[in-house]
Amino acid sequence: MEYDCPNKKSKHEEERSNGESKKMKGAVVVMKNKNMVASAVDGVDELMGRKVVLQLITTTNTLDSAESNKGKAGKRAHLEEWVSKNPFTAEATTYNVTFEWSEEMGIPGAFTIANFHHSEFYLKTLTLEHVPGHGRVHFVCNSWVYPAEHYEKDRVFFANQTYLPSQTPASLRGYRVEELENLRGNGSGKREESDRIYDYDIYNDLGDPGKGPEHVRPILGGSTEYPYPRRGRTGRPPSSSDPNTESKLPLYRSLNIYVPRDERFSHLKMSDVVAYALKSIFQFLVPEFKALFDKTPDEFESFEDVLKLYEDGIKVPDRSLLEKVREQIPIEMIRELLRSDGEKSFNFPMPQVIKEDKTAWRSDEEFGREMLAGINPVVIRRLQEFPPASKLDPKLYGNQSSTISEEHIIHSLEGLTITEAIQKNKLFILDHHDNLMPYLRRINATATKTYATRTILFLKRDGTLKPLAIELSLPHQDGDHHGADSIVCTPAEDGVEGTIWQLAKAYVAVDDSGYHQLTCHWLHTHATIEPFIIATNRQLSVLHPIHKLLQPHFRDTMNINALARQTLINAGGFLEITVFPGKYSLEMSSSMYKNWVFPEQALPKDLIKRGVAIEDSSSSHSVRLLIEDYPFAVDGLEIWSAIKSWVEDYCSLYYKNDEMVQGDTELQAWWKEVREKGHGDKKDEPWWPNMHTREELIESCTIIIWLASALHAAVNFGQYPYGGYLPNRPATSRRLIPKIGTPEYEELESNPEKAYLKTITSQMLSVLGITLVEILSRHSSDEIFLGQRDSPEWTADAEALKALEMFGNRLKGIEQKITGMNNDGGWKNRSGPVKMPYTLLYPSSDIGLTGRGIPNSISM
């Protein structure tokens with residue numbers, strides 16, 4: 001520490017400035033600790049002379065020493081009227097501070113702060129209005145400042161200027177380097193609440209071997225068998241039962257899981273956050289709900305029975321039960337779900353997919369449409385060979401080629417042959433065969449019973465997709481190397497055949513739901529973004545233009561991911577309970593990571609790879625969609641291009657040529673660390689951009705922003721609108737298609753609705769699953785959307801501010817386009833039979849459950 005006590009002077013204070021010092025007022029915006037006792041103690045500290053001390057640092061070349069590269073600090077000043085101004089409030093409060101400064105001392109470029117109170121506070125901003133010879137200087141801080149003994153050196157904050165490393169004023173260089181060293185830490189020790197250290201670790205915290213073999217999970221990351229992106233390091237000690245597994249926090253301490261202090265949710269976000277709700281449901285609701293379903297335990301009787309969840313709610317026979325549950329869930333968002341009004345029921349909002357029409361979800365057209373405009377519109381691809389082939393190793397899995405034949409589909413091709421349909425880009429496939437088959441035998445040995453699926457679809461003249469055949473495959477009963485046992489289902493409306501067709505579509509939805517949650521949602525957004533967040537904070541100073549560009553797109557993500565590891569994706573967690581792969585869920589996502597290629601996360605390249613678009617320089621966005629009415633792709637390309645234009649405008653302000661990219665030491669260290677540490681299991685892949693050109697920088701930053709904002713919005717915020725009605729989007733299945741002559745087959749004939757519902761998610765898990773997706777589909781109260789910043793003064797660069805304004809205007813124009821297309825009945829896939837307009841990539845939104853809006857970051 002620079003000071004042993006508040007009254008000790010630094011050597012800078014012993015020296016007189018060359019010019020005449022003047023009093024310079026500053027305004028500091030602070031949020032105090034919400035704890036009233038802590039606030040009272042801090043008040044006593046103030047009275048005892050233990051204050052909050054600030055010192056300005058000049059941008060002139062007046063250095064402490066040639067070796068330190070640190071500018072001299074001005075005289076100490078302290079926050080004024082701490083006690084008298086709002087002593088017991090957590091609201092933002094402005095305090096005055098008075099500095100001594102002269103024109104000869106130059107422009108302040110940074111300041112240090114030391115908190116000699118007993119409790120932390122949140123420092124938002126410092127504003128200097130009348131800097132001699134300059135005018136206004138603004139510092140955006142947005143950081144928790146703990147008591148001084150928590151830090152080896154005083155905290156430092158920089159003005160909202162932007163500098164490449166080589167352009168940094170000499171007086172700030174030492175502070176810039178030192179701050180990054182502080183954020184990197186030394187890689188050892190258990191992290192504490194006040195720490196700000198960013199470091200990497202493998203996913204060795206998912207299992208809980210101390211609970212027994214059922215809670216053992218593979219360690220993900222650091223091996224060729226289970227590659228994975230890295231997570232933030234907590235430094236918790238090893239488990240007592242397995243030295244390779246990190247010890248678990250008790251469930252009741254889930255909110256205390258370590259993330260760097262400034263990555264934790266705001267007070268406002270914490271009031272909305274899902275974590276405590278999840279652990280409360282986990283710990284209290286599961287056993288309580290079982291007692292509620294007493295008529296036919298774990299089963300819905302009919303689709304009308306399911307609708308009662310939204311229209312009438314679940315009747316609670318004992319009011320004390322509801323009160324018990326509510327006592328454990330102090331979050332307002334969840335209390336709204338668990339109402340204690342006179343009806344004594346648990347109500348859920350009506351999902352949009354059944355809001356206008358209660359049965360249209362069952363249509364084949366809607367089934368196909370949701371592959372283009374549903375919650376997982378990123379998997380469908382063009383069929384380029386028939387029958388579909390498998391890429392699985394035949395030595396291990398035998399012949400896995402599709403058994404769908406010409407006879408199954410030839411009569412539904414509008415007069416075309418299969419060859420002609422392929423040549424005319426009319427055949428498409430949703431293929432969940434290869435990614436599931438290696439795990440299916442183990443999965444079906446649990447309570448889950450499902451199939452690997454392939455779905456062939458035909459692009460009709462009206463632009464809609466018509467499902468032609470669904471192949472349901474199981475591992476061969478004599479062993480994997482014998483290939484697959486498959487049946488093929490084709491469309492039917494009536495009788496047992498109609499029921500089996502509906503079940504076949506349900507199995508497809510189950511597969512797609514699992515793949516969506518584990519790969520398209522968790523892996524491709526949450527997990528793959530976290531290494532970029534860690535590397536950015538370790539290697540790019542807050543003064544760096546790329547840090548300023550990317551930081552808004554990382555907000556809350558590390559906290560969300562840490563809570564997910566604690567309560568959602570962990571052994572026995574919510575995801576394992578509600579998604580069909582169960583305990584194999586994260587192991588499967590590791591398998592999918594083997595196919596992850598960073599450049600292919602760019603939307604245009606993804607569409608081309610899946611064969612649903614081709615390169616075309618004469619078309620908008622330089623690609624032409626082969627399914628013209630593809631709402632996700634149409635809106636996504638608009639958003640992608642807007643993001644890329646903004647990134648290009650911004651980066652061009654600071655990098656005038658490729659040599660400036662190559663010579664940026666922080667940028668090069670950042671990219672090296674992303675490849676070699678953050679995505680270390682992929683470090684030797686040839687596809688990584690070299691980061692030698694401005695175009696590589698622009699493309700890479702565009703991909704990062706796209707993943708964190710628009711792609712996540714597309715695969716997250718539709719979970720309740722589409723999946724809140726479980727028959728439309730079942731997450732698990734419990735039995736296979738029954739054989740002729742069995743009681744289950746007779747039920748198919750006599751009561752098809754009940755047979756369908758007894759196949760998919762049970763009643764209790766439906767309620768838990770619906771609760772989860774409703775929480776995850778909501779925008780929180782402090783959401784910041786694409787094109788917005790949490791501070792209008794995030795930079796002092798007028799050109800950057802103008803570029804962001806242009807980006808916001810482009811997004812408003814995209815909103816008008818989306819509204820226009822949704823109102824145009826000619827685009828049939830935009831609303832479909834369910835009359836549900838596609839709005840998941842509509843940039844702005846209100847808070848709550850809206851089915852639209854693109855937050856800046858993965859904040860839910």
Side-chain angles (χ1 to χ4, degrees), residues 367-368 371 376 378-413 416-444 449-459 465-492 500-501 503-512 514-515 519 580-581 584 588 591-592 594-595 609-612 626 733 736-737 739:
F367 175 72
M371 299 178 196
N376 196 30
V378 295
V379 180
I380 188 171
R381 60 181 175 85
R382 180 163 53 93
L383 186 65
Q384 301 184 55
E385 61 178 341
F386 188 87
S390 170
K391 294 182 180 179
L392 293 175
D393 186 349
K395 294 180 181 178
L396 297 176
Y397 298 102
N399 181 13
Q400 295 285 338
S401 294
S402 177
T403 59
I404 300 175
S405 68
E406 181 176 354
E407 292 180 1
H408 290 122
I409 67 173
I410 190 63
H411 300 296
S412 303
L413 302 181
L416 299 175
T417 65
I418 292 177
T419 300
E420 290 170 337
I422 290 175
Q423 291 173 345
K424 293 179 179 293
N425 304 318
K426 291 287 189 179
L427 289 177
F428 294 83
I429 184 171
L430 187 72
D431 193 341
H432 289 301
H433 182 94
D434 284 6
N435 54 41
L436 180 54
M437 185 58 74
Y439 294 89
L440 192 54
R441 190 181 300 276
R442 285 183 286 165
I443 290 171
N444 281 354
K449 299 293 181 287
T450 193
Y451 299 91
T453 60
R454 291 184 177 108
T455 305
I456 305 291
L457 304 103
F458 180 75
L459 182 62
L465 286 175
K466 177 183 178 181
L468 305 181
I470 295 172
E471 181 183 49
L472 307 175
S473 300
L474 294 171
H476 198 281
Q477 61 182 359
D478 294 329
D480 290 348
H481 62 282
H482 288 282
D485 283 331
S486 302
I487 59 173
V488 177
C489 303
T490 54
I500 290 175
W501 175 245
L503 284 175
K505 292 192 292 182
Y507 292 121
V508 173
V510 167
D511 287 359
D512 197 58
Y515 188 80
T519 301
F580 82 89
Y584 303 107
M588 281 184 62
S591 178
M592 297 305 104
K594 294 176 181 178
N595 301 319
K609 179 183 177 182
R610 290 191 284 120
V612 294
L626 300 181
S733 57
L736 304 174
I737 293 177
K739 295 181 179 180

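These numbers come from the heavy atoms of this one structure, side chains and all, not from hydrogens, waters or symmetry mates.
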Exercise: identify the closest heavy-atom pair between [X] and [Y]:
{"X": "Thr403", "Y": "His408", "value": "O-CE1, 3.8 Å"}
{"X": "Arg382", "Y": "Gly611", "value": "NE-O, 2.6 Å"}
{"X": "Asp485", "Y": "Pro475", "value": "OD2-O, 4.1 Å"}
{"X": "Arg454", "Y": "Ser402", "value": "NH1-CA, 3.4 Å"}
{"X": "Pro388", "Y": "Ile456", "value": "CG-CD1, 3.9 Å"}
{"X": "Leu736", "Y": "Lys449", "value": "CD2-C, 3.7 Å"}

**Report entry** Side-chain donor/acceptor of Asn399 to backbone N/O of Pro394, under 3.5 Å
**Finding:**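 Pair absent, no side-chain N/O of Asn399 close to backbone of Pro394.
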Requested in this report: Indicate yes or no for a side-chain donor-acceptor contact from Tyr451 to the backbone of Ile737 under 3.5 Å, with no hydrogens or angles considered.
Outcome: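 A pair under 3.5 Å: yes.
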Report task. Decide side-chain contact (heavy atoms from CB on, under 4.5 Å) for Leu468 and Thr490; before the verdict, give the C-alpha distance in whole Å, the side-chain angles of both, and the deciding distance to 0.1 Å. Result -> CA-CA 6 Å; Leu468 305 181; Thr490 54; over 6 Å; no
Do [X] and [Y] have side chains that approach each other closer than 4.5 Å (heavy atoms only, starting at C-beta)?
{"X": "Tyr397", "Y": "Ser390", "value": "no"}
{"X": "Asp431", "Y": "Arg381", "value": "yes"}
{"X": "Glu407", "Y": "Ile410", "value": "no"}

Requested in this report: Decide if atom NZ of Lys424 counts as having more than 12 heavy atoms of other residues, nucleotides or ligands within a radius under 6.0 Å.
Outcome: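 No - once you tally the heavy atoms of other residues, nucleotides and ligands closer than 6.0 Å, there are 12 at most.
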